[in-house]
Every structure is written in C-alpha cells, then in structure tokens.
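A, B, ... follow the sequence lines: proteins, then strands. Residue 1 opens every chain.
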Number of protein chains: 2
Amino acid sequence: MKHLINTVKIAVNEKTYVKNPESSDLGKRIVQSGIALISEVGFENFNFRKLGARIGSNESSVYRYFENKHKFLIYLSSWYWGWKEYQLVLTTNNIQDPAFKLERALNVLTEPVEADSSFSYIDEAALYQIVINEYSKSFLTKEVDRENKEGYFEIYKRMVGRLQDMILAVDPDYPFAASLASTVLEGAMHQYFLKEHFPSLTDCSDKDALYNFFKHQVFTSLNVQIDD
Amino acid sequence: MKHLINTVKIAVNEKTYVKNPESSDLGKRIVQSGIALISEVGFENFNFRKLGARIGSNESSVYRYFENKHKFLIYLSSWYWGWKEYQLVLTTNNIQDPAFKLERALNVLTEPVEADSSFSYIDEAALYQIVINEYSKSFLTKEVDRENKEGYFEIYKRMVGRLQDMILAVDPDYPFAASLASTVLEGAMHQYFLKEHFPSLTDCSDKDALYNFFKHQVFTSLNVQIDD
DNA sequence: AGTTAGTGATAGTAATACTATTATATTTGC
DNA sequence: GCAAATATAATAGTATTACTATCACTAACT
C-alpha cells in the first residue's frame with residue numbers, strides 16, 4: 001500500500017506501554033521481534049525472556065517498555081487496528097456514493113494484508129496473523145470491563161462505528177447496523193482462520209470469495225442491488 | 001427444556017479425558033464444580049489445585065480424570081455442543097418445510113440457554129457462559145491442526161454442517177452455505193458477548209433482537225421472503 | 001565532573017502445571 | 001470373609017512462568 005503522506009504515525013493508547021517503543025531503537029526492536037516471535041510460537045508460548053534473548057538483550061529491558069505480555073498484545077493489536085483504520089479512511093475518503101463507499105470499505109476489511117513500507121520495522125502480514133489468532137484473547141478475559149473503561153479497545157470500537165455509519169448511509173432504516181458491522185469485522189477474521197484450519201467450515205478459499213461473501217451478506221441485508 | 005427420552009447421554013470424544021467423569025461420583029463433581037469455578041474466575045485463573053480444594057479432594061485426583069485444563073475445556077465445550085446439537089435435532093426433526101425448519105434452527109441457536117433437568121449435575125447456563133467466553137481459546141492455539149485431526153472439534157463441525165444443510169435445503173444455489181453457517185454460530189456467541197461487554201457494538205440487546213438479526217441476515221442472503 | 005537515563009545482568013519469589021510416590025480407603029471377585 | 005485390585009488422597013518435587021528488585025555499566029547532557 002502506497003501512502004500520500006509519509007509521516008503518518010499510528011496513535012496507540014499510552015496506557016498500553018510503560019515507555020513508548022517508538023521512542024527508541026530498542027523499543028522498535030522489541031516490537032519488531034515481538035511480532036516475529038509471537039507469530040512463530042503463538043501467544044501462549046511467548047514470553048519476555050525469549051523476546052529479550054532474541055533481540056540480544058534482556059527480559060528486564062523488555063519490562064521497561066511493556067508491563068506484561070497481555071498489554072503487549074493489546075499494544076500490537078491496537079496498532080494493527082489503527083493502521084487498518086487509516087487504510088479504511090484513505091480508501092473511502094471523498095467517495096460520494098454510499099453503496100460504492102461501503103463496497104470499498106468491505107474490500108479493505110476483507111483483503112489480505114500486504115506489507116506497508118511506511119512502517120519499516122513492522123511486518124504487517126505477520127501482525128495480521130497475530131490479530132487473527134490472538135486478538136480475541138485480549139478481550140475474552142475477566143478484566144475486559146475495566147480495560148474497556150481504560151480505553152484499550154477504542155480503535156477497534158471506532159472501526160466498527162465507521163462501518164456502521166457507512167451501512168446506515170446506504171440504508172438509514174436498517175435496524176442492525178452495529179451488529180452487522182461487528183459481525184463483518186469479527187467474521188472476516190474468523191473466516192480467514194477457518195480457511196487455514198477448518199476448510200470444511202468455510203467457502204472463502206480465496207480473497208475474492210471472502211469479499212463476495214460479505215458483500216453479498218451486507219448488501220442483501222440492506223436490500224440493495226449489487227452487480228456481480 | 002423437556003425431553004421425550006430421559007436416558008440420553010451426550011457422547012464426547014474419549015480422548016478428551018483420561019477417565020470418563022460420568023463413570024463416578026467424583027468425576028461428576030469435578031465437572032460440576034469445574035463449570036462453577038471457571039465461570040466464576042475465568043479460564044486463565046482456573047487450575048486443578050483450586051478445583052481439587054473446592055470439591056474437598058486433591059489436585060492429583062483431578063489429573064486422573066483430565067490430562068490438563070486445556071483438555072478439560074475441550075471436554076466441557078464438546079459436551080455443550082453435543083447437548084446443543086441434540087436440541088437442534090429434536091427441534092427441527094420432522095419439519096418438512098425447509099424455510100420453517102431453518103427458522104426453528106436459528107431460534108435454537110440464538111435463544112439463551114436454560115437449565116436442563118435431564119443432566120442434573122451440569123449447569124447448562126453457566127456452561128453457556130464458559131462457551132461464550134472461552135471456546136475460542138480451545139482452537140486459537142498452535143496445536144489446533146493436530147487436535148483437529150484427533151477429532152476434538154467434531155461435534156462443533158457437525159453442528160455447522162447441519163446448519164449448512166438446512167441453508168442449502170432452502171436455497172441449493174447459495175454459494176456460501178458453510179461460511180454463512182459458521183458465521184451464524186460464531187456470530188451468535190460473539191453478539192452475546194458484545195451485549196454484555198461492548199453494548200455499543202451490537203443491536204442485540206435481547207433474545208428477540210439476536211434471533212431477528214440472524215434470521216434477517218440468513219433469509220435475505222437466501223433471498224427468501226420472511227414475515228416480520 | 002556529576003547527575004541522570006537507558007540498558008544489561010543476575011538473583012529471587014510466588015504461582016503454575018504438572019509428575020512421582022506413597023498411603024489409605026473402597027470395591028470386587030472368589 | 002479376605003485377598004487383590006482399584007480409586008482416592010496426601011505429600012513432595014520439578015521445570016517454567018511472570019514477574020520484582022537490585023546493582024553495574026555506559027552514554028549523554030549540564
């Protein structure tokens with residue numbers, strides 16, 4: 001993905017980190033290698049000791065950037081959603097026709113993630129894998145309500161809100177815009193996961209099928225004609 | 001829910017346990033108190049030592065029934081899906097009209113869980129909470145492919161298959177029957193979770209709304225007339 | 001030159017997720 | 001009724017995890 005502006009930064013809730021990892025070389029290496037390590041071994045088998053070793057540093061240094069691995073996951077996924085939101089806004093900006101705008105939005109949300117050279121130390125494709133496999137674990141906890149109050153899920157909620165607005169722009173009388181928006185976002189990740197691990201449970205064996213499935217689902221719900 | 005038959009047993013993959021918990025009083029207490037404990041403290045804060053203490057027994061005794069807490073979660077969720085499948089079959093059995101049959105199925109899958117007196121030692125409502133909050137964690141692991149091969153997710157997959165068949169009975173040409181079925185099953189749980197913790201992301205504030213959302217979504221996808 | 005911030009190394013702690021062993025209680029088979 | 005088998009309970013031990021605390025070193029800045 002090419003950007004019009006080269007100096008964009010993704011703003012993540014400051015409470016997710018102790019010290020901003022973007023502020024130092026070590027911080028960036030923590031994020032970069034953290035993404036690689038989690039996508040290799042999975043979040044359960046990931047810890048700060050392994051990460052420290054991987055970057056030729058130490059467990060204690062990682063703790064100076066992130067309180068614990070749960071917060072680290074929230075940081076990473078917030079960054080991802082912020083990045084995705086940026087793409088969504090860029091792609092749909094200035095489109096007047098609500099139906100076409102919604103179509104473009106669904107395309108952004110279902111297309112596979114490509115590397116983005118603007119953020120050199122972040123491997124967006126690996127990060128996307130992490131989000132698919134681990135994101136649910138960041139909110140399926142007993143602390144979800146407190147953490148939600150503290151704003152850890154703001155960006156994701158804003159994404160759902162944006163999609164909801166685009167749905168309502170097409171059909172202001174549709175009564176389930178929030179549910180449809182959250183179903184599409186969650187469903188896109190889930191269908192991607194199923195494709196990899198439970199192929200019999202999905203028809204979305206490629207990018208186009210995934211897009212067409214959700215496009216069909218959304219536009220028939222809104223009772224709007226689509227061109228095939 | 002009242003049953004026609006009183007001697008039904010839910011068959012769970014034998015590999016999920018070391019010794020069948022249904023075969024002894026202690027086993028049933030492990031399951032019963034395990035459900036209570038997990039729904040109270042969450043799966044992360046749950047362990048066999050706490051469970052042993054709660055049933056006036058010992059950690060080591062629990063290990064004789066279940067290899068580890070991950071397998072215990074798979075056992076519990078398999079039991080839940082087996083129980084839900086049984087309800088689905090009972091409810092839709094002998095219905096000739098495909099659209100009506102699918103409607104009844106969606107109703108079963110979206111309605112809140114009530115206690116079922118046929119399985120005295122299992123609190124189905126608490127178990128449903130566990131499934132909503134923890135089920136994803138049973139397959140969002142690095143071991144998912146191996147465990148899938150070993151058949152740990154068979155019942156859930158069969159459920160998706162049944163719903164898929166009912167969808168195809170209504171519209172044999174619909175190209176996304178598997179994806180729609182898996183989206184409905186996963187989505188129903190997710191919308192329920194959102195209602196509890198992220199109410200702004202859902203319109204399903206009650207049982208009827210949840211049912212109507214998915215009914216609308218499914219039947220408009222299939223382009224079949226529904227009565228509101 | 002002295003303070004400070006950032007990093008690295010080591011050690012220690014409480015809890016977790018088990019395994020192994022032994023002891024006791026209960027059931028069963030004859 | 002008793003021996004053998006089985007089920008359960010208690011204890012101890014291990015490796016790992018998820019941290020916390022302390023100290024030492026270096027670079028930078030004042």
Side-chain angles (χ1 to χ4, degrees), chain A residues 14-34 37-38 40-76 121 134 137-138 140-143 146-147, chain B residues 14-34 37-38 40-76 121 134 137-138 140-143 146-147:
Chain A
E14 293 180 7
K15 289 182 201 154
T16 57
Y17 48 78
V18 180
K19 176 181 175 166
N20 193 339
E22 286 186 341
S23 69
S24 76
D25 182 63
L26 180 65
K28 285 174 192 161
R29 274 158 53 218
I30 287 172
V31 170
Q32 179 172 44
S33 294
L37 188 52
I38 294 175
E40 278 169 33
V41 303
F43 189 65
E44 274 66 43
N45 303 114
F46 163 84
N47 65 42
F48 283 178
R49 194 174 44 76
K50 289 175 189 169
L51 177 53
R54 191 180 179 119
I55 58 177
S57 173
N58 197 275
E59 195 180 4
S60 58
S61 301
V62 181
Y63 274 104
R64 264 188 230 102
Y65 284 84
F66 295 98
E67 226 176 298
N68 53 52
K69 71 177 193 167
H70 174 70
K71 291 267 178 79
F72 186 52
L73 177 60
I74 290 180
Y75 175 85
L76 292 181
Y121 65 98
E134 325 288 358
K137 297 170 192 167
S138 71
L140 292 176
T141 69
K142 281 284 165 185
E143 294 76 35
R146 182 177 47 75
E147 295 190 339
Chain B
E14 293 180 7
K15 288 181 202 155
T16 57
Y17 49 77
V18 180
K19 177 178 174 168
N20 192 340
E22 286 185 340
S23 69
S24 76
D25 182 63
L26 181 65
K28 286 175 193 161
R29 273 158 53 219
I30 287 171
V31 171
Q32 178 172 44
S33 294
L37 188 52
I38 293 175
E40 277 168 35
V41 303
F43 189 65
E44 273 67 42
N45 305 112
F46 163 85
N47 65 43
F48 283 179
R49 194 174 43 77
K50 289 176 188 169
L51 178 54
R54 190 180 179 118
I55 58 176
S57 173
N58 197 274
E59 194 180 4
S60 59
S61 301
V62 181
Y63 275 103
R64 249 180 278 100
Y65 283 84
F66 295 98
E67 227 176 299
N68 52 51
K69 71 176 193 168
H70 173 70
K71 290 267 179 80
F72 186 51
L73 176 61
I74 291 180
Y75 175 85
L76 291 181
Y121 66 98
E134 325 288 357
K137 297 169 193 169
S138 73
L140 292 177
T141 69
K142 280 284 164 184
E143 294 75 36
R146 183 179 45 76
E147 294 190 340

Task: Base of dA9(D) paired with side chain of Ser57(B) (donor-acceptor, under 3.5 Å) - done: no
Task: Any Ser60(A) side-chain nitrogen or oxygen under 4.0 Å from OP1 or OP2 of dG6(C) - done: no
Task: Parallel, tilted or perpendicular: ring planes of Tyr75(B) versus Tyr17(B), cut at 30 and 60 degrees - done: perpendicular
Open item on the list: Just verifying a value: how many Å separate Leu51(A) CG and Tyr63(A) OH, rounded to the nearest 0.5 Å?
Closed with: 10.5 Å
Open item on the list: Could you check whether any side-chain N or O of Lys137(A) sits under 3.5 Å from a backbone N or O of Leu73(A), counting only pairs where one atom can act as donor and the other as acceptor?
Closed with: no
TODO: Check whether any side-chain nitrogen or oxygen of Lys19(B) sits under 4.0 Å from OP1 or OP2 of dT8(D), and answer yes or no.
DONE: yes
Task: Asn58(A), nearest nucleotide to its side chain (from dA9(D), dG8(C), dT17(D)) - done: dG8(C)
Task: Arg29(A) CZ to dT7(C) C1', straight-line distance once rounded to whole Å - done: 10 Å
Task: Glu59(B) vs Gly27(B), nearer the 5' end of DNA chain D by closest nucleotide - done: Gly27(B)
Task: From dT17(D), dT8(D), dT7(C), nucleotide with atom closest to Tyr65(B) side chain - done: dT8(D)
Task: Residue Asn47(A), side-chain heavy atoms: nucleotide from dT8(D), dT10(C), dA18(D) that is nearest - done: dA18(D)
Open item on the list: Regarding Glu44(A), tell me which of base, sugar-phosphate or nothing describes its non-hydrogen contacts under 4.0 Å with the strands shown.
Closed with: nothing
TODO: In plain terms, say whether Lys69(B) and Glu134(B) are close enough for a salt bridge, that is, a side-chain N and a carboxylate O under 4.0 Å apart.
DONE: no
Open item on the list: By nearest atom, which of the nucleotides dT10(C), dA9(D), dT7(C) is closest to the Arg64(A) side chain?
Closed with: dT7(C)
TODO: Give a yes or no on whether a salt bridge exists between Arg146(B) and Glu143(B), defined as a side-chain N under 4.0 angstrom from a carboxylate O.
DONE: no
Open item on the list: For dT17(D) and Arg49(A) - does any side-chain N or O of the residue sit under 4.0 Å from the phosphate oxygens OP1/OP2?
Closed with: yes
Open item on the list: Without decimals, in angstroms, what is the distance between Asn45(A) CG and dT16(D) P?
Closed with: 13 Å
Open item on the list: Using whole Å, what does the distance between atom C1' of nucleotide dT16(D) and atom CZ of Phe46(A) come to?
Closed with: 16 Å
Open item on the list: I need the CZ-C1' distance between Phe66(B) and dT8(D), as an integer number of Å.
Closed with: 16 Å
TODO: Send over the distance from Asp25(A) CG to dA27(D) P, rounded to a whole Å.
DONE: 15 Å
- [ ] Among dA17(C), dG8(C), dT16(C), find the nucleotide with the atom closest to the side chain of Tyr63(B).
- [x] dA17(C)
Open item on the list: OP1 or OP2 of dG8(C) versus the side-chain N and O atoms of Ser61(A): is any pair under 4.0 Å?
Closed with: yes
- [ ] In whole angstrom, give the distance that lies between atom NZ of Lys69(A) and atom C1' of dT16(D).
- [x] 12 Å
Open item on the list: Please report the distance, rounded to the nearest Å, between CG in Leu26(A) and C1' in dA27(D).
Closed with: 15 Å
- [ ] Return the value, rounded to whole Å, for the distance between atom CZ of Phe48(A) and atom P of dA21(D).
- [x] 17 Å
